[in-house]
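Chain A is the first sequence line, chain B the second, and so forth, proteins listed ahead of strands; every chain is numbered from 1.
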Amino acid sequence: MKKSFFSTVVLMAMAMLIFTGCAKLPQAEIDSANAAIESTRAAGADVYVPEAFVALTDSMASVMESITSKDSKMFKNFKQETEKLLSIVSQSAEVKALTEAKVAELKEQVDQMMLAISGNIDAAKALIGQAPKGKEGNTALLAIKADVTAIETSLGELKTVAGTENYFTTLDKAKAIDAQITSIKTELEEVISKFNSRNRK
Amino acid sequence: MKKYILFIPIFLILLVLFFIYQKKSNENDALLEQIAIVRKQIVESRNNNAHSFAPLDYKKALAAYDSTMFFWNIENEKFFIVRDYSLCHQWADKAVDLAGEASLKSDNNLGNLRAEFQQTKLRVENELELHQLFYNKIPQPESIRKSFTKTSILYREALLLSENNDHQKSIEKLNAALLYLLKSNQYCHDKVKAYFADFQAWSNLVEEGISNSKKQKVTCVIVDKFGRNCFLYKNGVLVKSYDIELGENWMVNKKYQGDLATPEGKYRIVDKKQNGRTKFYKALLIDYPNENDKERFEKNRLNGSIPARKKIGGLIELHGHGGKGADWTQGCVALSDSDMDDLYARVVIGTPVIIVGSVKPLNFYIKINR
């Protein structure tokens, strides 16, 4: 009787070890969470939405710490961690969508800016066309013509790099070119207005 | 009874094992807390832009964190009795220190970059100012003008990058701008220096003109091409100065008709035109070409420095319709119509007009020692 009592206790202890101590690592969930994070990085999340991306990687690191800690225990239960990993996968999808939206927004801004630059270049050329036709007017405008040509070259360079480097850099370049052509256009308008006004007294 | 005695050592062993397990488990929990602190410190250093401004130190901190995790996993794979987390604690301590150092270095490097950015920006702005105030009026080939436009774009881009805290790229852009700018300013500087080689001759002409105005008690007009000024002297005393505009090729002494250059030398007013006799509001015709000009023209034609078919030209005037903010004449000197009214009233036919490259030496204009 006593013997069977001890046997029962030992068997129960073994059963507990089997059912709790040998809980497996949620490896599939870990892999899919890592893959999801890598996918957001590939989409450019670390560049375009760095705060959200850092929060995501921080959550992943925190879960991995918790898993490592629990893995050392005799009675393991990764339920919480598994849930967190699944949540990271869905968060990754959100961050990826956020990244894509940001990229699309920046791309749109770059495209708009390039259109504006092209428009300003055309406007500057038209202004040069309207300038006084005599030698006097042309002389003063020759230098400005060279400036407009230089801007056209810069716009060509911008179109070449657009999409190959990050859109923040491209947008800054576009803004700088736009500011330059705008100032040239203003300079042209001033010169032409001075040449056209004859009643100075 | 004997049977029960056998269970006592087993129980004691199990009890000891339980306490060891409990101890290791507590150590493990402590390590978990420490690692969480490490991670927070690393995130903090990243928020402090250490990944950008102290990337090497930041990477070292990350590597130390990874090492902590690596050794933690290794220890956990061992049987709990032999687990030793001291190496993990060492790496965790190291990671915290490295993350803190990365933050500090980031602050330091950011400060240095900001200072370097300000210094480079100031240098570019000085060169830009020099160009806009001084060299902008100098006739430049298209390539130099294009370089200057490129400079302006790079400068604007650098400012935008700096606003986004990308000081490293911003400095790169400023340095690129500086290269273009130095190239175009050097071209202008060399050109100006060569032009001022005649300064002594100009200075003599001006002194002679003022001295004669004083001795003969007459009015004298002095045109300073480089300074874009027309000075009116009466009895040797400066009474008025006017802003002027010239032709595109103003930076040479006139050689032939159509070269868009303004002659340099000693002239006199030979005609005063108004009321429809000039299309430039009012005009004072001078006696270009004088004997010196004719002699120089012949010499240049003989030595082939001007094409044989070229004529010496004439009809050089001080006239109105100026104030356009550009050099636009065919070689004449343009004043605003209101200034022309004033000058016209103060001079007579025969008034000497001295046209020189500059009344002031080059050092007066260029303070920057190259």
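Heavy-atom pairs under 4.5 Å with chain B were tallied for S66(A), A174(A), P50(A), S62(A); the largest tally goes to S62(A). Between chain A and the options Q140(B), R39(B), K150(B), the largest number of non-hydrogen pairs under 4.5 Å is found for R39(B). When S183(A), A176(A), S72(A) are compared by the number of non-hydrogen pairs under 4.5 Å with chain B, S72(A) comes out ahead. Top candidate by heavy-atom pairs under 4.5 Å with chain A, chosen from K173(B), K169(B), E163(B), R83(B), is R83(B). Annotation: maximal heavy-atom pairing with chain B below 4.5 Å, among D71(A), I177(A), T57(A), T68(A), occurs at T68(A).
Proximity to chain B among residues 83-91 of chain A is not found for any residue, judged by heavy-atom separations below 4.5 angstrom.
At least one donor-acceptor pair under 3.5 Å links the side chain of T82(A) to the backbone N or O of F78(A).
Screening K185(A), Q180(A), K125(A) for a side-chain hydrogen bond (donor to acceptor under 3.5 Å, both in side chains) involving N120(A) leaves a single residue, K185(A).
A salt bridge does not link K40(B) with D58(A): none of the charged nitrogens is closer than 4.0 Å to a carboxylate oxygen.
Note that the OH atom of Y85(B) and the CD atom of Q34(B) stand 13.0 Å from one another [nearest 0.5 Å]. In this structure, L174(B) CG and L154(B) CG are separated by 8.5 Å, a value rounded to the nearest 0.5 Å. For the atom pair CG of L155(A) and CD of E152(A), the computed distance is 8.0 Å after rounding to the nearest 0.5 Å.
Side-chain contact check for Y48(A) and N166(A): no donor-acceptor pair (N or O, by modelled atom type) lies under 3.5 Å.
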